[in-house]
Amino acid sequence: MSNFELISLHGSCEMGSPPSTLPTVGTNLTDLTLKKKKVTVREIGGCMGPIWPSYFQDCFSVIFMVDSANIVQISSSCIQLLSVLSAEPLRSASVLILFNKRDMPCIKSLTEIKSLFRMDDIIASAPQPITTLEASARSGQGLREVLSWLESVTVK
């Protein structure tokens, strides 16, 4: 989240040495300023899946992050995504599916990951507008594109 804050505040971010990365446990709140509009981002860890619905009210967009380096977890991530997409309060929310850890060695191609995830079927059947991007939270690759997407769906 701190890299997002740096980019949104300064328009650029010197990444320096990669930050340590750990799975999110619990929730984190971050306020971003996008084109002079304050946007609150709530990061909710995957292990918090059972209580995610309590945060859906008044949610206008969703960034669903997938660990694309963990093939074993792809099917459970897909099931969680389908649960999010079918939630009534999110039927009109814009959705970004972010395939993270694209900088890791020995990962499957984005085409293979999307195929395992059945992205074409999900996009065709979901009521929400869905965008997919790839990124590396560790290196910063793709973070500008994520902020651009967030700006496009929240700053009208």
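All of these numbers come straight from a predicted model, not from anything done at the bench.
Counting heavy atoms from C-beta on, the side chains of Met119 and Ile97 come closer than 4.5 Å. Between Arg102 and Ser68 the shortest side-chain heavy-atom distance falls below 4.5 Å. Side-chain contact check for Phe64 versus Leu85: every heavy-atom pair is 4.5 Å or farther apart. A 4.5 Å side-chain heavy-atom check between Phe60 and Val153 finds every atom pair outside the cut-off. Looking at Leu147 and Leu32, their side chains come closer than 4.5 Å, going by heavy atoms from C-beta outward. In this structure, Cys59 and Leu90 have side chains that are in contact, with non-hydrogen atoms separated by less than 4.5 Å. Counting heavy atoms from C-beta outward, Ile107 and Ile71 have side chains that stay 4.5 Å or more apart. For the pair Cys78/Leu116, no side-chain contact is recorded, criterion being any heavy-atom separation below 4.5 Å from C-beta on.
Of the inter-residue distances, the one linking Leu81 atom CG with Arg118 atom CZ reads 13.5 Å to the nearest 0.5 angstrom. Separating the CE atom in Met104 from the CG atom in Asn70 is a distance of 10.0 Å, to the nearest 0.5 Å. We find the CG-CG distance between Leu143 and Leu98 to be 8.0 Å, quoted to the nearest 0.5 Å. A distance of 9.5 Å separates OG in Ser152 from CG in Leu96, rounded to the nearest 0.5 Å. The structure places OG of Ser61 at 12.0 Å from CD of Gln128, a figure rounded to the nearest 0.5 Å. Taken from CG in Leu133 to CG in Asn100, the straight-line distance is 11.5 Å, to the nearest 0.5 Å.
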Exercise for the section: Could you please spell out the steps behind the side chain to side chain contact (heavy atoms under 4.5 Å, CB included) verdict for Phe56 and Val84? Expected result: CA-CA 9 Å; Phe56 291 168; Val84 167; 4.1 Å; yes
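The number of heavy atoms from other shown groups lying within 6.0 Å of CG (Asp121) is above 12.
A donor-acceptor distance shorter than 3.5 angstrom exists from the side chain of Ser148 to the backbone of Arg144, with no hydrogens or angles considered.
Residue Pro50 comes nearest to Pro53 through the heavy atom pair O-CD, 3.8 Å, listed as atom of the first residue, atom of the second, then distance. In this structure, Ile74 and Asp67 approach most closely via the heavy-atom pair CD1-O, 4.3 Å. Pairing each heavy atom of Ser83 with each of Ser86, the nearest pair is O-OG, 3.1 Å. Shown here for Pro129 and Ala93, the closest heavy-atom pair between the two residues is CD-O, 3.8 Å. Closest approach of Trp149 to Ile63, counting heavy atoms only: CZ3-CG1, 3.6 Å.
The cluster map of Ile, Leu, Val, Met, Phe, Trp and Tyr, joined by side-chain heavy atoms under 4.5 Å apart, puts Leu82 and Ile113 in the same cluster.
Annotation: salt bridge (Lys or Arg N to Asp or Glu O under 4.0 Å) contacts of Asp103 (sequence neighbours excluded): none.
Applying side chain to side chain contact (heavy atoms under 4.5 Å, CB included) to Val41 and the options Asp31, Leu150, Thr154 leaves one that passes, Leu150.
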